[in-house]
Amino acid sequence: MSERIVTQSQMRALEKRIMDEVGLESPILMERAAMAARSAIEALGIENKTAMVFCGPGNNGGDGLALARMLTEAGWECACFLLADPEKCSGENKRQQRILERLFGPSYLRAWPPAAGQQAEVYVDALFGIGQNRGLSGIYREAAAFLNAAKGRKVALDIPSGIHADTGIALADQDGERVYVRADLTVTFGCRKSGLMLSQGKAAAGRIVLDSCGIAYPDTTDVSSVEGVKGSLPDREDLEEILQRDPLGNKGSFGKVVLWAGGQRATGAALLCTRSCFAAGAGYVKLLSYEDNRQLVLGQVPETVFLDLKAPGKKDMLLRAAEFADVIAMGCGVGIGEDAAGTLEDLCRALSDLESWDANKLPVLILDADVLTILSAQPELWEKLKALPVTTVMTPHMIEFSRLCKLPLEEIAKDRLSIAMAFAKEHQTILVLKDAGTLIASPDGRFSISPYGNDGMAVAGSGDSLLGILAAVMGRKKDPFGSVVCGVFLHGMAGDQAADTVGRASMLPTDLTGQIGAALSQILTD
């Protein structure tokens, strides 16, 4: 079953529902959260069982207090610090304080700071949870700095303190400083929060362990029925459903793809895109490119049908390509000059001639790179394209997206998710906003965020591989949004396989392409 991705307000609504409708009161949920955190910590396999737990004033701090009790009961040497005024804490936090005092005495809770030289194997961040909306300051900032400097394992409860639960942005204090906890492991409760997968939150969270804690029962609590909950993280079964092959299929069954990639000065884009498309399972690939690229592409991917854009009868060739294709993917290295813009206009004209076709026979359009730059500079051409009765997918990186939506990068970075979702709805397109934590947004409000990928993929050519993979997956004619999510995830998984094989610092897009088969096997055989 797919995991749900939620915002702070949606998580609060889910908690209220489980308490009101099911009867799991807050103390029970807190116990379950602490038990989940204890299990995750025990699973680390640490022999020298020493821990330091840092607790704030709210219910996240209460989770930390309950966790400290459970670790102590399990034989850990646990130092528990309450950084807040005990009388100014939340009700559930105070309840946990009283339990600790009755079990272990009034001296169990310690005040900040730790003794000089005091160390542990595990450090727990229970300072603030998902409700935090301002930066860390005072002793909380000191505690975060202490945690980050510690040599042991850092574990955050629900979300690293200092990170906004919705946007993943590191929160600024009144002086503009942004200090946040950098965890090795985050144990999050109920549902996955969007801020754990975006911006600084993606790096701060480390490895994420999700425990429902009874908040998201599939049989009793329909998470998706909470207003606005449309984010999801597909599991392997969801991906397998899209990628599974028909043993009785033929080359037409697995997608007929037309790629327009590679200009006269960007030959590698055509090769990367084409090779990735075949590696991801496409049945038939035609490449629209220039004669300069023929030898390079066919020398390494001889399965490709090569169509020369400079050959006579270009407009008829584009019409035949449109009639042939299940998917037309375009933009990698094609250039932004008059020739490329003219080809795009000719292609739009060819597609407009297909309006009388059955809607199921119309190709999906995937728009990337230089084509996006052309559209951002020529809004009249964009309007022609939007008028076509076809499903479109746009795959910009942040700079390209800034041009498309006419917003500065700084503003987009503050809330990529909301801006991406608004763009997808306004332009009725599936948007793939590439960055650390690639976003996929649908016009109907659904979204996903890729948990895969690494900084080794931050190199020219990775986007060319993504375009080829997306074209191959969408050629299977499954749910368009689900197919795009699947393609993005497959690309990230191949990138992670490549990083494991050659290392992030030296990996190339060709290394990623070489791992697509391994990533496919991981999905289809696990």
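Below, all heavy atoms of this structure are taken into account, side chains as well, without hydrogens, waters or symmetry copies. When a residue number appears, it is its place in the shown sequence, counting from 1.
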Determine whether Asp238 and Asp235 satisfy the following criterion, side-chain contact (heavy atoms from CB on, under 4.5 Å), listing intermediate values before the conclusion. CA-CA 5 Å; Asp238 298 320; Asp235 59 21; 2.9 Å; yes
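- Comment: Arg403 does not engage Glu400 in a salt bridge, judged by the lack of any side-chain N to carboxylate O separation of less than 4.0 angstrom.
- Expressed to the nearest 0.5 Å, how far CG of Leu367 lies from CD1 of Ile430 amounts to 11.5 Å.
- We find that Arg320 and Glu323 are not joined by a salt bridge, their nearest charged nitrogen and carboxylate oxygen being 4.0 Å or further apart.
- Proximity of Cys273 to Ser465: side-chain heavy atoms (C-beta onward) are nowhere separated by under 4.5 Å.
- In this structure, CG in Leu198 is found 11.5 Å from NE2 in His164, a value given to the nearest 0.5 Å.
- Side-chain N/O atoms of Thr274 and Thr304 include no donor and acceptor closer than 3.5 Å.
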Verdict with supporting geometry, Asp346 and Thr343, side-chain hydrogen bond (donor to acceptor under 3.5 Å, both in side chains): CA-CA 5 Å; Asp346 288 341; Thr343 298; 5.5 Å; no
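- Contact detail for Gly335 and Ala340: the closest heavy-atom pair is O-CB, 3.3 Å.
- Summarising the geometry, atom CG belonging to Leu433 is positioned 7.5 Å from atom CD1 belonging to Ile412; distances are rounded to the nearest 0.5 Å.
- Look at Asp184 and Arg207 and you find no salt bridge, because none of the NZ, NE, NH1 or NH2 atoms lies under 4.0 Å from a carboxylate O.
- The local environment of CD in Glu303 is crowded, with over 12 non-hydrogen atoms from other residues, nucleotides or ligands closer than 6.0 Å.
- Under a cut-off of 6.0 angstrom, the local environment of CD1 in Ile336 is sparse, with at most 12 non-hydrogen atoms contributed by other residues, nucleotides or ligands.
- Of the charged side-chain nitrogens involved, none lies within less than 4.0 Å of a carboxylate oxygen, so that Arg504 and Asp511 do not count as a salt-bridged pair.
- Checked by atom type and distance alone, the side chain of Asp326 never pairs as donor or acceptor with a backbone atom of Met474 at under 3.5 Å.
- The number of heavy atoms from other shown groups lying within 6.0 Å of NZ (Lys386) is above 12.
- Considering CG of Leu512 and CZ of Arg275, their distance stands at 12.0 Å, rounded to 0.5 Å.
- Between Thr188 and Ile208 the shortest side-chain heavy-atom distance falls below 4.5 Å.
- The pair Glu345-Lys384 meets the salt-bridge criterion, since a charged nitrogen lies less than 4.0 angstrom from a carboxylate oxygen.
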Just do the side-chain contact (heavy atoms from CB on, under 4.5 Å) check on Lys193 and Ile130 with the steps written out, would you? CA-CA 8 Å; Lys193 288 75 184 176; Ile130 62 174; 3.9 Å; yes
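- Among Leu351, Val390, Leu388, the one residue that satisfies the side-chain contact (heavy atoms from CB on, under 4.5 Å) test with Leu362 is Val390.
- Taking the charged nitrogens against the carboxylate oxygens, Asp444 and Lys230 have no contact shorter than 4.0 Å, which rules out a salt bridge.
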Between Thr186 and Asp158, is a side-chain contact (heavy atoms from CB on, under 4.5 Å) present by the stated rule, with each step listed? CA-CA 6 Å; Thr186 296; Asp158 216 13; over 6 Å; no
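- Across Leu372 and Leu404, no two heavy atoms sit closer than the pair O-CD2, 3.7 Å.
- Between His427 and Phe423, the distance from one ring center to the other falls under 6.0 angstrom.
- The two residues Cys332 and Leu467 make their nearest non-hydrogen contact at SG-CD2, 3.3 Å.
- Rounding to the nearest 0.5 Å places CD of Glu241 at 9.5 Å from CG of Asp479.
- When all heavy atoms of Val257 and Ala282 are compared, the pair lying nearest together is CG2-CB, 4.2 Å.
- Side-chain contact, Thr373 with Asp370: no donor N or O sits under 3.5 Å from an acceptor N or O.
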Passes side-chain contact (heavy atoms from CB on, under 4.5 Å), Asp166 versus Leu417? Steps please. CA-CA 8 Å; Asp166 294 353; Leu417 178 56; over 6 Å; no
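- Between Asp339 and Lys310 there is a salt bridge, since at least one side-chain N of the basic residue sits less than 4.0 Å from a carboxylate O of the acidic one.
- Taking the six-membered ring where the residue is Trp, Phe489 and Tyr452 present perpendicular rings, their angle passing 60° and hence far from 30°.
- For the atom pair CD1 of Ile449 and CD1 of Ile5, the computed distance is 4.5 Å after rounding to the nearest 0.5 Å.
- Nearest heavy-atom pair across Arg416 and Ala413 is CG-CA, 4.2 Å.
- Looking at Arg294 and Glu291, a side-chain N of the basic residue comes within less than 4.0 Å of a carboxylate O on the acidic one, giving a salt bridge.
- When all heavy atoms of Lys478 and Ser483 are compared, the pair lying nearest together is CB-OG, 3.6 Å.
- Under the 3.5 Å distance criterion, with hydrogens and angles disregarded, a donor-acceptor pair is assigned to the side chains of Thr395 and Asp368.
- By the 4.5 Å heavy-atom criterion applied to side chains, Arg192 and Glu3 are counted as neighbours.
- In this structure, Glu380 places its CD atom where more than 12 heavy-atom neighbours from other residues, nucleotides or ligands lie under 6.0 Å away.
- The closest donor-acceptor contact from the side chain of Thr501 to the backbone of Gln497 lies under 3.5 Å.
- Aromatic rings from Phe254 and Tyr284 are positioned such that their centres are separated by 6.0 Å or more.
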